[in-house]
Amino acid sequence: MRLLSFFIVSFLVTFATAITLQGKIIPNAVISDVTKIDTSTTRIVLNGAQYTAHIKANGEFAIPNVKPGSYLLEVQSIEYVFPKLRVDVNEENNVKATYTGLGIDWNQRGNSVSYPLDIQAKAVSEYFMERQGFSVMGMFKNPMFLMMGVSAIMMFFMPKLMKQMQEMDPEGAKEISQSQADAQKLLSDMPSLSQMFAKR
């Protein structure tokens with residue numbers, strides 16, 4: 001009999017300390033009309049899926065039987081991106097909520113959020129990257145374009161450079177010309193790949 005009484009009292013205490021966590025999604029620049037939110041695909045979750053609730057047509061939500069503890073509240077939506085909240089419920093059923101996020105230390109609290117919770121969307125969800133148009137600056141960042149540009153400049157200035165060198169130092173220009181001729185002759189004397197494989 002005493003054991004039964006103990007279980008009944010424990011159940012009543014647990015039920016009494018549990019609260020219904022309430023809040024709503026409010027309009028802002030991202031969502032001007034909360035009634036346009038797809039309520040079938042938008043839900044509020046605590047700690048992944050420990051507690052879940054769908055939103056109503058007017059943006060309100062209520063998560064029943066939430067026991068004292070610390071929770072990560074997320075709004076799961078395929079249309080919009082919402083901030084994450086840390087929600088603390090104490091033994092006196094007082095609720096304290098602050099902003100948090102991925103990669104942020106759990107003990108580091110952000111700005112406070114009033115209770116019942118008012119949650120605003122941060123942005124519209126984007127699943128595809130917008131294709132960028134033609135950009136002249138983008139061409140100059142291309143390594144191939146830079147190599148072609150340098151080659152064209154060298155072809156344009158090299159003859160003038162050689163001419164100036166001939167006027168200033170005929171002997172030096174003659175040596176450079178001879179070196180270039182020797183290099184071209186060496187390349188022409190080398191067998192091609194097709195000739196190398198044909199001899200096998």
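One-based numbering along the sequence shown. The figures here come from the full heavy-atom set of this structure, side chains too, leaving out hydrogens, waters and symmetry mates.
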- Any side-chain heavy atom of N65 within less than 4.5 Å of one from T20? no
- Task: Can you measure from CD1 (I19) to CG (N93) and round to the nearest 0.5 angstrom?
- Result: 5.5 Å
- Query: What's the shortest heavy-atom distance between R86 and S70, and which atoms?
  - Reply: NH2-OG, 3.5 Å
- Could you tell me whether D33 atom CG has more than 12 heavy atoms of other residues or ligands within 6.0 Å of it? yes
- Message: Quick test of your reading: applying ring pair (Phe, Tyr, Trp, His ring centres under 6.0 Å), list the pairs with at least one residue in residues 86-107, sequence neighbours left out, ordered by first then second residue.
- Response: none
- Message: Could you check whether any side-chain heavy atom of S125 comes within less than 4.5 Å of a side-chain heavy atom of E79, counting everything from C-beta outward?
- Response: no
- Task: Output all residues satisfying ring pair (Phe, Tyr, Trp, His ring centres under 6.0 Å) with Y71, sequence neighbours left out; order by chain, then residue number.
- Result: Y51
- Side-chain heavy atoms of L72 within contact of L46, under 4.5 Å: no
- Any salt bridge (charged side-chain N to carboxylate O under 4.0 Å, His left out) involving residues 103-116? Give me the pairs, sequence neighbours left out, ordered by first then second residue. D88-R109
Determine all donor-acceptor pairs shorter than 3.5 Å in which one atom belongs to a side chain in residues 21-30; sequence neighbours excluded.
unit_1 : atom_1 : unit_2 : atom_2 : d
N28    : OD1    : V30    : N      : 3.1
N28    : OD1    : I31    : N      : 2.9
N28    : ND2    : A121   : O      : 2.8

- Item | ring pair (Phe, Tyr, Trp, His ring centres under 6.0 Å) contacts touching residues 24-50 (sequence neighbours left out) | none
- Task: Taking H54 for its side chain and I44 for its backbone only, find out whether a donor-acceptor pair lies under 3.5 Å.
- Result: no
- Item | Residue list, side chain to side chain donor-acceptor pair (under 3.5 Å) with Q76, at least two apart or on another chain | R43
- Would you indicate whether the side-chain heavy atoms of V45 and E74 approach each other to under 4.5 Å? yes
- Message: Is the shortest side-chain heavy-atom distance between V75 and I119 below 4.5 Å?
- Response: yes
- Message: Working to the nearest 0.5 angstrom, can you tell me the gap between N111 CG and L85 CG?
- Response: 11.0 Å
- Item | Within one Ile-Leu-Val-Met-Phe-Trp-Tyr cluster: V81 and I78, side-chain cutoff 4.5 Å | no
- To the nearest 0.5 Å, how far apart are OG1 in T98 and CD in Q108? 10.0 Å
